[in-house]
*Asks:* 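Got a structure for you, written out below as structure tokens; questions coming shortly.
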Amino acid sequence: MNRMWNMLIKPRLEPLKIILLRSLNARMHLTDKDVSNYTILKKGFEGEQKSDVWLEGLSEGWLVLHDLLLEYNNSKFQIDTLLISQDKIYPLDVKNFEGDYYVEGDKWYTSAKKDMKNPVHQQDRCVILLRSLLRELGYPYPLEPYLIFNNPEFHLYLTSINPSLVFHSQLNRFLKKLNARPVNLNKRHYKLAEQLVAIHKVEPPYPYLPGYHYEEQEKGILCPRCYFFFSGMQGLILMCGHCGCTEGVESAVLRSVTELMLLFPDQKITTKIVQDWCKIIKSEKTIRRILLKNYKLNRNGRSSYYSQS
Ligand SMILES: [Zn+2]
């Protein structure tokens with residue numbers, strides 16, 4: 001498809017929780033529960049990525065912000081996708097539900113007649129908070145929220161029509177409707193998008209991770225493709241015996257240092273610790289050269305360490 005991509009201001013990034021669980025899974029023994037939690041998170045993220053694809057049909061000029069965590073009046077709320085057009089803002093909640101669901105009165109049930117959270121209520125709460133936040137920021141644009149069910153294998157038994165629900169078979173028409181909206185955005189719209197990205201909250205992943213210690217982690221450099229450890233080195237190139245991937249030593253060390261910093265935010269980064277962490281690189285000189293080139297050395301005799309700035 002040669003279509004110009006609409007203006008994407010905030011892409012959907014892989015959550016830190018998943019990145020860190022992937023490292024831990026490679027470097028230590030996780031319980032079955034932790035592995036299943038990791039698998040669920042990963043599948044959820046892949047589903048979200050897939051569910052962004054239909055938006056490619058949106059005409060040029062829209063501002064698209066994915067995965068915002070915002071706060072108003074001490075209440076946090078999450079917006080799956082926010083579309084900014086000229087005169088309206090569209091908060092979209094995209095659900096990848098599969099199977100049959102029922103609505104009776106105000107309640108939603110799965111096909112097994114299990115109670116579930118009513119996604120309309122969840123979205124109403126977000127919209128109320130978003131409206132107040134936008135007003136406070138000085139952008140009282142009207143909001144038009146939609147709940148998008150983009151899985152073709154989803155069916156909802158409804159007793160009344162709710163125009164804010166969009167099903168898979170309606171997505172094309174919904175896109176056409178959006179594409180008919182004016183999108184002559186001005187500086188103010190861009191400023192709003194930038195402001196929302198700036199106040200987006202990043203939740204620390206640590207409370208969601210299992211307990212772990214430096215000593216119990218298997219040391220080595222993980223292959224960025226298959227997450228097995230690099231097993232060979234030739235000159236300044238590392239090789240993965242599992243998938244055949246190769247990577248330059250510098251980029252592999254820097255990736256591993258970032259991983260170390262994320263897993264152990266209190267750990268001081270020294271040549272010695274990085275050499276221990278990377279394991280496969282025997283030359284202390286190589287590690288020191290890479291660290292000196294990419295980080296700031298805080299000189300303090302034997303307790304000198306490297307930092308990002
Ligand atoms: Zn590999």
Side-chain angles (χ1 to χ4, degrees), residues 11-53 66-67 96 202 204-206 208-295 306 308:
R12 196 181 292 282
L13 300 175
E14 191 174 33
L16 207 46
K17 252 185 291 188
I18 299 181
I19 297 174
L20 295 186
L21 276 170
R22 183 186 296 127
S23 299
L24 293 175
N25 191 34
R27 294 184 184 271
M28 67 184 274
H29 175 76
L30 292 182
T31 62
D32 290 350
K33 203 179 142 217
D34 291 331
V35 174
S36 113
N37 175 30
Y38 166 54
T39 313
I40 291 170
L41 285 172
K42 212 167 58 166
K43 279 205 176 134
F45 177 64
E46 284 162 6
E48 285 168 2
Q49 274 182 314
K50 270 190 208 146
S51 71
D52 295 339
V53 171
H66 284 305
D67 202 18
N96 195 27
V202 180
Y206 307 103
Y208 304 96
L209 300 177
Y212 57 91
H213 301 284
Y214 180 83
E215 292 71 29
E216 68 191 335
Q217 304 297 308
E218 197 176 330
K219 311 301 188 292
I221 297 182
L222 293 170
C223 166
R225 195 197 286 168
C226 70
Y227 303 101
F228 277 76
F229 286 101
F230 276 129
S231 50
M233 190 169 157
Q234 223 168 41
L236 288 176
I237 300 291
L238 289 160
M239 283 162 305
C240 174
H242 188 257
C243 76
C245 181
T246 58
E247 189 181 14
V249 165
E250 180 161 333
S251 111
V253 167
L254 292 177
R255 258 195 321 107
S256 303
V257 172
T258 304
E259 186 193 353
L260 177 64
M261 285 171 156
L262 288 173
L263 281 173
F264 302 98
D266 297 329
Q267 174 67 54
K268 286 254 186 293
I269 300 300
T270 62
T271 307
K272 209 170 154 235
I273 200 91
V274 172
Q275 192 177 14
D276 181 57
W277 182 248
C278 292
K279 196 174 164 191
I280 191 168
I281 296 161
K282 304 289 177 232
S283 155
E284 205 182 298
K285 230 174 96 185
T286 303
I287 302 270
R288 182 170 299 117
R289 177 180 60 77
I290 294 172
L291 291 176
L292 271 173
K293 186 176 156 197
N294 295 281
Y295 292 96
Y306 294 89
Q308 266 156 332

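Counting convention: from 1, in listed order, for ligands and their atoms alike.
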*Asks:* Give a yes or no on this: more than 12 heavy atoms of other residues, nucleotides or ligands lie within 6.0 Å of atom NZ of Lys43.
*Replies:*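 No - once you tally the heavy atoms of other residues, nucleotides and ligands closer than 6.0 Å, there are 12 at most.
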
*Asks:* What pair of heavy atoms forms the shortest contact from Leu21 to Tyr38, and how long is it?
*Replies:*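 Smallest interatomic distance, heavy atoms only, reads CB-CD1, 3.6 Å.
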
*Asks:* Can you run down the salt bridge (charged side-chain N to carboxylate O under 4.0 Å, His left out) pairs that involve residues 254-272, sequence neighbours left out, and say none if there aren't any?
*Replies:*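 Pairs touching residues 254-272 that pass the test: Arg27-Glu259, Glu247-Arg255.
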
*Asks:* Suppose we screen for ring-ring contact (aromatic ring centres under 6.0 Å, His included). Which residues come up paired with Tyr212, at least two apart in sequence or across chains?
*Replies:*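 Counting only residues at least two positions away or on another chain, Tyr212 forms a ring-ring contact (aromatic ring centres under 6.0 Å, His included) with Phe264.
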
*Asks:* Per the salt bridge (charged side-chain N to carboxylate O under 4.0 Å, His left out) rule, what does the pair list look like for residues 223-243, sequence neighbours excluded?
*Replies:*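 For residues 223-243, and leaving out neighbouring residues, there are no salt bridge (charged side-chain N to carboxylate O under 4.0 Å, His left out) pairs at all.
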
*Asks:* Could you tally the protein N/O/S atoms lying less than 2.8 Å away from the Zn ion (ligand 1)?
*Replies:*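 Count of protein N, O, S atoms less than 2.8 Å from the Zn ion (ligand 1): 4.
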
*Asks:* Within a strict 4.5 Å, meaning less than it, do heavy atoms of the Thr31 and Pro210 side chains meet?
*Replies:*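 Thr31 vs Pro210: side chains apart.
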
